[in-house]
Amino acid sequence: MTTYENKGPKPDAGRFVAFHHVSFWVGNALQASTFYCVRMGFQPYAYRGLQTGSREVCTHVVRQGKAIFAFHSPLNPSGAVSEEMGRHLQVHGDGVKDIAFEVENLAAIVEKAKERGAKVLKEPWEEEDETGAVLYAQVSTYGETVHTFIERKGFSGLFLPGYKQPLYQDPLLKTLPASNIECIDHIVGNQPDLEMDNVVDWYVQNLMFHRFWSVDDSQIHTSYSALRSVVVTNFEETIKLPINEPASGKRKSQIQEYVDYYGTAGVQHIALHTSDIINAIIALKERGMQFLTIPNTYYTNLRERLKSSKVQVTESLDVLQKLHILVDYDDNGYLLQIFTKPVQDRPTVFLEVIQRKNHQGFGAGNFKSLFEAIEQDQAERGNL
C-alpha cells in the first residue's frame, strides 16, 4: 500500500467539515428505515412526507451517533419526480443517491468547483423553517451519485428545514441491545474498469481533495480476482472516500459484480466507526445482522504473524475469531473490521463496522481474506 503526505494547496476559502448524511433512494422508505433500526441499531430521527406537506417524496431519517441515513421514496404514481426516482430504482435497485457534506463558505466551494470544471446540478439555494435556514448546492460525481453541500447558517432545528419528529417510535427498539456506532468512517465508490483514476482526478481537481492511501492489483488479489483502490480526502482529512475499480483476474471481481448489478458506478459500502467493535458485533448479531464468514485458517496465520509484530492486539483473538472480525496492523497500531452481507437482494450495497487503534489504513492486509469470503458468496450466487 502507499500513503501520501502531500495535501496539496490549502483552499483559499471554503472548508469541508464532515459527512452530513447519506441519502438512499429506495422502493419503500418506511420499511428500509425500519431494517436499519432493527438490524443495525439506528433510531428514528426525522420525517418528511404527506403529514408535513411534502406531496412528492417521503423521507424517513435514522441516526446513530453522528451517522445519519435518509431514505427517500416517491409518493405518486406519475410526475417528474416519480419518473426520475422510478427509473433510478429500476436500473439500480435500492442504493445511495447522495453523499452530503457539511461545509463552511458554500459559495466559495461552488465557485471554485465551477472554475475547475465540476458539473453543478443545482446552484446554491436556501431553505428555511421556523428553526432557521440552510444553504445547499449539488454537484454530480461518479455514476448517478451526487454530492450535496450543506451550510447550516445557525440552523437549530431537527436534521434540515421541513423535517419533523418521526410519526412513530417503535417499542421493539428499546428491547434490543445497543450497537454503539459513533459515526461514518469512510464511504467506498466502485467504478468500472479503468475509471478509477478519472474519478480520483475529479475530486483532486474540482473539490481540492488529495490522495491519502492506495493499493493496486499487485498487492490485492486472490486466485480469482483483484482490485485497485485510491482513497481521496479533504484538506483536514475528515472525509475519506476510497475509490475502487476491478482488475483483471481469472473470474469476475466483486467490484465488477457490483457494477453489473448496480448498472454503473456507485456507492459499494459505508464504513461505520465504533470504539468497541466486539460488543457492537455481539449486539448486531443478536439483532439478526448477517456478516461474512472468515475461515479459521485466517486466524491461525494471524497469530503466527503477530508473534513477530511490534503491535499488541489487546482484544482476545479467540473472541475476534468467534465473531469473524478481521485484524490489520502496522508497527504503530491496528484496526479491527467486519463486513455485512449485501443489505438488499441485489449484490450491491453492504456495510462495514470498523474500530481503529492508531491505524489510519483501510485493511489492505485483510483484502485477500475479504475477497475470498466474498467470492464464496459470489459462487453461491453463480456470479464468480
Side-chain angles (χ1 to χ4, degrees), residues 19-75 85 89 93-98 100 129-131 155-185 269-291 323 325 338-345 349-355:
F19 291 110
H20 186 275
H21 71 277
V22 179
S23 282
F24 296 75
W25 280 9
V26 298
N28 188 319
L30 172 61
Q31 291 184 2
S33 63
T34 298
F35 172 88
Y36 281 82
C37 288
V38 172
R39 299 300 185 204
M40 283 299 298
F42 285 76
Q43 294 289 327
Y45 178 49
Y47 170 78
R48 184 178 64 182
L50 294 174
Q51 297 86 343
T52 69
S54 177
R55 310 308 296 178
E56 298 293 334
V57 178
C58 180
T59 304
H60 291 262
V61 186
V62 301
R63 179 173 185 168
Q64 186 170 185
K66 295 181 180 179
I68 301 175
F69 292 173
F71 299 90
H72 308 265
S73 291
L75 285 169
M85 297 185 76
L89 289 166
D94 290 359
V96 173
K97 176 63 177 176
D98 186 357
D129 62 14
E130 65 278 3
T131 59
F155 176 74
S156 62
L158 182 69
F159 185 50
L160 292 169
Y163 285 83
K164 304 299 182 184
Q165 292 286 343
L167 297 179
Y168 173 73
Q169 292 293 337
D170 189 345
L172 173 64
L173 301 181
K174 297 180 180 179
T175 70
L176 300 175
S179 49
N180 299 317
I181 298 300
E182 297 167 4
C183 61
I184 295 172
D185 186 272
H269 78 264
I270 303 165
L272 300 169
H273 181 270
T274 180
S275 296
D276 185 358
I277 195 169
I278 287 178
N279 283 320
I281 300 310
I282 289 173
L284 292 174
K285 285 177 177 283
E286 288 180 8
R287 287 170 168 265
M289 199 65 200
Q290 296 185 65
F291 295 89
L323 295 174
I325 295 171
I338 189 170
F339 299 83
T340 73
K341 294 193 174 188
V343 293
Q344 61 285 303
D345 287 318
V349 181
F350 59 89
L351 303 172
E352 173 185 352
V353 180
I354 186 169
Q355 176 183 327

Output all residues satisfying side-chain contact (heavy atoms from CB on, under 4.5 Å) with [X], sequence neighbours left out; order by chain, then residue number.
X    : result
F291 : I281, L284, K285, M289, I338, T340
E182 : H273, S275
P44  : C37, P166, Q169, L173
A67  : F42, I184, L272

Residues forming a side-chain hydrogen bond (donor to acceptor under 3.5 Å, both in side chains) with [X], sequence neighbours excluded:
X    : answer
N28  : none
T52  : none
H21  : S23
D170 : none

Original post:
Could you give all pairs that pass the salt bridge (Lys or Arg N to Asp or Glu O under 4.0 Å) test and reach residues 41-67, with sequence neighbours left out?
Top reply: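 Qualifying pairs: none.
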
Shortest non-hydrogen contact from [X] toward [Y]:
X    : Y    : answer
A283 : S179 : CB-CA, 4.1 Å
L89  : P74  : CD1-CD, 4.4 Å
S54  : L75  : O-CD1, 3.5 Å
A29  : S73  : N-OG, 2.8 Å
V349 : G95  : CG2-CA, 4.2 Å
V26  : D94  : CA-OD1, 3.2 Å

Original post:
Under a 4.5 Å cut-off applied to non-hydrogen side-chain atoms, are D98 and W25 in contact?
Top reply: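 Side chain of D98 against side chain of W25, heavy atoms only: no contact under 4.5 Å found.
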
**OP:** Answer yes or no: is there a side-chain heavy-atom contact under 4.5 Å between V96 and I270?
**Re:**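 Side chain of V96 against side chain of I270, heavy atoms only: contact under 4.5 Å found.
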
Original post:
For Y163, what residues pass the ring pair (Phe, Tyr, Trp, His ring centres under 6.0 Å) criterion, not counting sequence neighbours?
Top reply: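 Per chain and number, Y163 pairs via ring pair (Phe, Tyr, Trp, His ring centres under 6.0 Å) with F159.
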
Subject >> ring pair (Phe, Tyr, Trp, His ring centres under 6.0 Å) involving F24 - partner list, sequence neighbours excluded >> reply: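 Listed in chain order: Y36, F69, F71.
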
**OP:** With side chain to side chain contact (heavy atoms under 4.5 Å, CB included) as the test, would you mind laying out the steps for V343 and R39 before giving the verdict?
**Re:** CA-CA 10 Å; V343 293; R39 299 300 185 204; over 6 Å; no

Distance (rounded to the nearest 0.5 Å) between [X] [atom1] and [Y] [atom2]:
X    : Y    : atom1 : atom2 : value
E352 : H269 : CD    : NE2   : 4.0 Å
N180 : N279 : CG    : CG    : 7.5 Å
H72  : K97  : NE2   : NZ    : 11.0 Å
T59  : L30  : OG1   : CG    : 12.0 Å

Original post:
More than 12 heavy atoms of other residues, nucleotides or ligands under 6.0 Å from CD of Q43: is that the case?
Top reply: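 Check passes, neighbour count above 12.
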
**OP:** Could I get the full list of salt bridge (Lys or Arg N to Asp or Glu O under 4.0 Å) partners for D185, not counting sequence neighbours?
**Re:**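 For D185 the salt bridge (Lys or Arg N to Asp or Glu O under 4.0 Å) partners, ignoring immediate neighbours, are R356.
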
**OP:** Begin from the C-alpha positions of Y45 and L158 and carry the test side chain to side chain contact (heavy atoms under 4.5 Å, CB included) through to its verdict.
**Re:** CA-CA 8 Å; Y45 178 49; L158 182 69; 3.4 Å; yes

Using only atom types and a distance under 3.5 Å, with no angle test, would you say the side chain of [X] pairs donor to acceptor with the backbone of [Y]?
X    : Y    : value
D129 : G162 : yes
R287 : M40  : no
T131 : S156 : no

Subject >> Exercise: do D276 and T274 side chains pair donor with acceptor under 3.5 Å >> reply: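 No, T274 and D276 have no side-chain donor paired with an acceptor closer than 3.5 Å.
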
